[in-house]
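For clarity, every value in this text was computed on a predicted model and none was experimentally measured. For the numbers below, each heavy atom of this structure counts, side chains included, while hydrogens, waters and symmetry mates do not. Proteins come first, then strands; the chains are lettered A, B, ... in the order of their sequence lines, and each starts at number 1.
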Amino acid sequence: MTGVDALSLSSTDIVKRYGYYDEEFVLSYSHKNGPYNMTSHMHDQYEVYYLLKGQRSYFIKDRVYLVEQGDLVFVPKYVLHRTQFAGTLQHQRIVLNFTDSFLERSWIKGSKLDLLKPFQGDNPTLRLKEEDRKYTESLFFRAIAEMKNKSDGYEICVKAISVELLVHLARCIDKYVEVVAPVDSPLHRKIAEISNYIETHYAEPLTLTHLSQSFYLSPYYLSRVFKEISGFSFIEYLNHNRIKEAQRLLRESNWKVLRIAESVGYDSIAYFGRVFKETVHMSPLQYRRMHSGEGIERT
DNA sequence: TAGTAGACAGCGCCTGGAGT
DNA sequence: ACTCCAGGCGCTGTCTACTA
């Protein structure tokens, strides 16, 4: 539940909120009023974000999308993302999160249709036409009504409706070319380049001064505009990329924690452990035990 | 022995404000 | 749009003690 637990609600009024969650599935509706900015996060779940009302700025990986009422965003697992205030104080959104194990359920598995199709394109957004949008909203509203009423068996209904929605969206994805274009000013392109640079050079001893020299900007200005556009400070973004890779190595290798810390750019194992725990809410070894059956490297 | 966690000090980042 | 300064504070590495 890491991503969902990481919501920051300061200086924001929650007008209404309904949700259901278990270990492999989350559906959550919220109506917020205020200049709310989500804490940056990534998780091992796929995310479908639907904006019912308002406008939001959505940063995914290295690009910013100005998301409007009726737009969908598909965030693959382990991809850094956050939404930010974008002009309208009030917004209503629905977020559906699910894990691979949810898709492995017998009643979902076995169809030729790939429910993960919407997560595989280059652009993570989708702008539906009226008819499909109405149908999508009707499914969401049914799920919200179930969560609100909590009648016996509502959990099953919420999941069944969500699967129907995933089928609908996977069917839709091929017939649509209309997506939300990323914000494309020269400055946004520059920040995308810088984000890409950090993503590929996170293991090196990167500093703001080094980056500013590479991209011909003053460190003060770079620090400021990077935060303004992406919503992340330089250090935040760098650490998220390092921890993301460390998580992958913990899952997929049997390297010692010390070796992993060094390979993603930390000189200090103590500091690596601290940042890892702040980000993932558990120690590196706890994370490995939870996500992999493999033991540690023997010397 | 590897990994975790807390204290501490120094440096670099962030940010408000002023200026070009 | 961009640079620079200054001040505060958070990030980062080191050290140490502790646990499994």
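The end-to-end axis angle of the helix from B:dT1-C:dA20 to B:dT20-C:dA1, rounded to 10 degrees and based on five pairs per end, is 50°.
For residues 205-216 of chain A, no pair satisfies salt bridge (Lys or Arg N to Asp or Glu O under 4.0 Å), with sequence neighbours left out. Among residues at least two apart or in separate chains, salt bridge (Lys or Arg N to Asp or Glu O under 4.0 Å) pairs with a member in residues 184-197 of chain A are A:R63-A:D184, A:D184-A:R189. For residues 271-284 of chain A, there are no salt bridge (Lys or Arg N to Asp or Glu O under 4.0 Å) pairs, not counting sequence neighbours.
Straight-line distance from the CG atom of A:L222 to the P atom of B:dC14: 9 Å, rounded to whole Å. Per the geometry, CE belonging to A:M282 stands 17 Å off C1' belonging to B:dA5, to the nearest Å. What separates NZ of A:K277 from C1' of B:dA5 is a distance of 8 Å, to the nearest Å. A:F226 has its CZ atom 20 Å from the P atom of B:dG12, to the nearest Å. The nearest whole Å value for the distance from the CZ atom in A:F272 to the P atom in B:dA5 is 12 Å. One atom, CG of A:L211, and another, P of B:dC14, lie 11 Å apart when rounded to the nearest Å. Rounded to whole angstrom, the span from the CG atom of A:L258 across to the C1' atom of B:dT1 amounts to 12 Å. One interatomic measurement links the two molecules: CD of A:E262 to C1' of B:dG3, which rounds to 14 Å at whole-angstrom precision.
Hydrophobic clustering, with ILVMFWY side chains joined whenever heavy atoms are under 4.5 angstrom apart, keeps A:V183 apart from A:V179. In the hydrophobic cluster analysis, where Ile, Leu, Val, Met, Phe, Trp and Tyr join through side-chain heavy atoms closer than 4.5 angstrom, A:V275 is grouped together with A:L249.
Within residues 181-195 of chain A, the residues having any heavy atom closer than 4.0 Å to DNA chain C are, in order of number, A:L187.
Listed pair A:S283 / B:dT4 meets the phosphate criterion, a side-chain N or O lying under 4.0 Å from OP1 or OP2. Within the 4.0 Å cut-off from OP1 or OP2 of B:dG3, not a single side-chain nitrogen or oxygen of A:K256 is found. For B:dT15, one of the phosphate oxygens OP1 or OP2 lies less than 4.0 angstrom from a side-chain nitrogen or oxygen of A:K227. The side chain of A:T207 places no N or O atom within less than 4.0 Å of a non-bridging phosphate oxygen (OP1 or OP2) of B:dG12. For B:dC13, the OP1/OP2 oxygens have no side-chain nitrogen or oxygen of A:S223 closer than 4.0 Å.
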In B/S/- notation (B base, S sugar-phosphate only, - none; protein heavy atoms under 4.0 Å), nucleotides 15-20 of chain C written 5' to 3' is B-----
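Taking CG of A:L139 as the reference point, atom NE2 of A:H168 lies at 7.0 Å (rounded to 0.5 Å). The structure places CG of A:L165 at 4.5 Å from CZ of A:F140, a figure rounded to the nearest 0.5 Å.
The hydrophobic cluster of A:Y220 has no other members, since no ILVMFWY side-chain heavy atom comes under 4.5 Å of it. In this structure, A:V95 shares a hydrophobic cluster with A:Y49, A:L51, A:Y58, A:I60, A:Y65, A:V67, A:V73, A:V75, A:V79, A:V180, the cluster being traced through Ile, Leu, Val, Met, Phe, Trp and Tyr side chains under 4.5 angstrom apart.
For the residue pair A:N239/A:Y266, the side-chain donor-acceptor check at 3.5 Å is satisfied. Using modelled atom types and a 3.5 Å distance limit, the side chains of A:S28 and A:R93 yield a donor-acceptor pair.
Between A:R133 and A:Q69, the closest side-chain pair of non-hydrogen atoms falls below 4.5 Å.
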Please tabulate, for the side chains in residues 154-164 of chain A, all donor-acceptor contacts under 3.5 angstrom to protein atoms that are two or more places apart in sequence or on a different chain.
from	atom 1	to	atom 2	distance (Å)
A:K159	NZ	A:D22	OD2	2.6
A:S162	OG	A:V158	O	2.8
A:E164	OE2	A:Y135	OH	2.6

Just distance, no hydrogens or angles: give the donor-acceptor pairs under 3.5 Å from side chains in residues 209-216 of chain A, sequence neighbours left out.
from	atom 1	to	atom 2	distance (Å)
A:S212	OG	A:L208	O	3.2
A:S212	OG	A:T209	O	2.7
A:S214	OG	A:H210	O	3.1

What protein N or O atoms touch nucleotides 4-11 of chain C N or O atoms at under 3.5 angstrom, if any, and at what distances?
from	atom 1	to	atom 2	distance (Å)
C:dC4	N4	A:R224	NH2	3.3

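Taking the salt bridge (charged side-chain N to carboxylate O under 4.0 Å, His left out) definition, one finds that A:K53 meets it with nothing, sequence neighbours left out.
Side chain of A:L217, nearest nucleotide from C:dT3, B:dG3, B:dC13: C:dT3. Closest to the side chain of A:D267, out of B:dG3, B:dC14, C:dG13, is C:dG13.
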